Q: 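Mind having a look at this structure? Questions to follow.
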Amino acid sequence: MFLSLPCRFRNSGYLPYTAAMPRLPRRFFARNTVTVARELLGQRLVRILNGQRLAGLITETEAYVGEEDLACHARAGRTPRTQVMYGPPGHAYIYLNYGLHWMLNVVTERNGFPAAVLIRGIQPTQGLEQMRLWRGGQPDKTLTNGPGKVTQALGIDHSLNGIDLCVRRTELFIEAASPVAHILNSPRVGIENVPEPWKSMAWNFKIMTNDNG
DNA sequence: AGCACGATTAACT
DNA sequence: GTTAATCGTGCTC
C-alpha cells in the first residue's frame, strides 16, 4: 500500500506539467525497509545540479536490513562508514564500491536501526542530455540501468553522503510519482559470498518490463 | 602498516 | 563468458 501523501498542489488546475510534485516525507522512509524498497519503484528520483534538474523514475531497488543481515554493511556494527545508516531515515548513504563506483542508498527505519535501500536503476525523465554527458556518451539503453551508472549519470558522489532528502533546500530528493502495478522480486545482486539465508532473501525489486518479465 | 575484499562496469574474446 | 580497473574499509599483525 502506498502512503497517502500531501496533495495541496494536486488540484490547483493551472500548474504547468513541469511543476514539482510533493516529496516523499520522512515517514515514508521510517518504515520496514523491504516495504520501502518495494514502494520506491515508480517514484521520481530528483537531482538538482548547478541549478539544473535531473530526474528519473526508480526502476530497481534492494533492501539491506540491520546488523543481522550479513549482506548489509551494518553487519560490522557502527563504524565511520555505517554511521549514516544508524541515523534518522530519509538521508542519503553513499559509499564507494570497487574503488570506482558510488552507490546511492536511502536510509530507512527508525533512528538507531541501521538499514537502507540501494537505488539500482532509474528511467530518465528529465535532463537526459546532461546525463549522457556525465555518462561519457554511453548508449541510452545502458545510461542508468545499474547503481554505479545512476550515480554517474546524476553527478552523485561522496560529497552528498549523509544529506537529508526530506528538507526544503536539498540537491537530492524523491518525489511521489506513479504507483507500479507489476513488480518482480529476486535475490540481491553481487553478494555471492554472503551466507544463507541472507544470500537468498528476495529483497531485490524491479519494475517488470518486456526485457525481464 | 599491510592485506583481502567488494551492494560494479565496460571492454574485451 | 572473462577480466582489468581502482581504493576505502575493516580486520589482522
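Bear in mind that the values here come from a model prediction, so they are computed numbers and not experimental data. A note on names: the letters A, B, ... follow the listed sequences, proteins ahead of strands, and every chain is numbered from 1.
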Q: Take atom CE of A:M201 and atom P of B:dA7, then tell me their distance rounded to the nearest Å.
A: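 Whole-Å distance recorded here is 17 Å.
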Q: How many Å lie between OH on A:Y98 and P on C:dA5, as a whole number?
A: 16 Å
Q: Mind telling me whether A:W203 and A:W198 have parallel, tilted or perpendicular rings, with 30° and 60° as the class edges?
A: tilted
Q: The side chain of A:T79 is closest to which nucleotide in this list: C:dT9, C:dC7, B:dA7?
A: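 Shortest atom-to-atom distance from the side chain points to C:dT9.
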Q: As a test of understanding, state which of A:L54, A:I48, A:N50 forms a side chain to side chain contact (heavy atoms under 4.5 Å, CB included) with A:Q52.
A: A:L54
Q: When the distance from CG of A:N97 to P of C:dG10 is rounded to whole Å, what number comes out?
A: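 Roughly 13 Å, once rounded to whole Å.
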Q: Of the candidate nucleotides C:dG10, B:dT9, B:dA7, which contains the atom at the shortest distance from the side chain of A:K149?
A: B:dT9
Q: Indicate whether A:Y95 forms a stack on C:dG8; treat it as stacked only if centroid distance is below 5.5 angstrom and interplanar angle below 30 degrees.
A: no
Q: What is the distance from CE of A:M85 to P of C:dG10, rounded to the nearest Å?
A: 10 Å
Q: Among C:dA5, B:dA7, B:dA11, which nucleotide sits nearest the side chain of A:L100?
A: C:dA5
Q: Quick one: which of A:Q126, A:R23, A:Q123, A:E175 gives a side chain to side chain contact (heavy atoms under 4.5 Å, CB included) with A:R44?
A: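 Answer after filtering A:Q126, A:R23, A:Q123, A:E175: A:E175.
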Q: B:dA7 phosphate, OP1 or OP2: any side-chain N/O from A:H73 under 4.0 angstrom?
A: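 Yes.
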Q: Side chains of A:N145 and A:K141: do they bring a donor and an acceptor to under 3.5 Å?
A: no
Q: Kindly point out which of B:dA10, B:dA7, B:dT9 is positioned nearest to the side chain of A:P147?
A: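 Per side-chain heavy atoms of A:P147, the pick is B:dT9.
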Q: Closer than 4.0 Å, any side-chain N/O of A:R135 to the OP1 or OP2 of B:dT9?
A: no
Q: What is the nucleic acid contact for A:R81, judged by heavy atoms within less than 4.0 Å: base, sugar-phosphate only, or nothing?
A: sugar-phosphate
Q: Quick one: look up who C:dT6 pairs with, Watson-Crick or G-U, both distances under 3.5 Å, and put none if it's unpaired.
A: none
Q: Have a look at A:N105 and say if it touches a base, only the backbone sugar-phosphate, or nothing, with a 4.0 Å heavy-atom cut-off.
A: base
Q: Between C:dT2 atom P and A:E192 atom CD, what is the distance in whole Å?
A: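 Nearest whole value for this atom pair: 14 Å.
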Q: Rounded to whole Å, please give me the gap between CG in A:N145 and C1' in B:dT8.
A: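 After rounding, the reported distance stands at 12 Å.
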Q: Nearest whole angstrom, please: distance from the P of B:dT8 to the CD of A:Q152.
A: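 It is 15 Å, rounded to the nearest whole Å.
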Q: Quick check: closest heavy atoms across A:T108 and A:R31, and the distance to 0.1 Å?
A: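 What the structure gives for the nearest pair is CB-O, 4.2 Å.
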Q: A:N193 has an atom CG; how far is it from atom C1' of B:dA4, in whole Å?
A: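 For the pair A:N193 CG and B:dA4 C1', the rounded distance is 12 Å.
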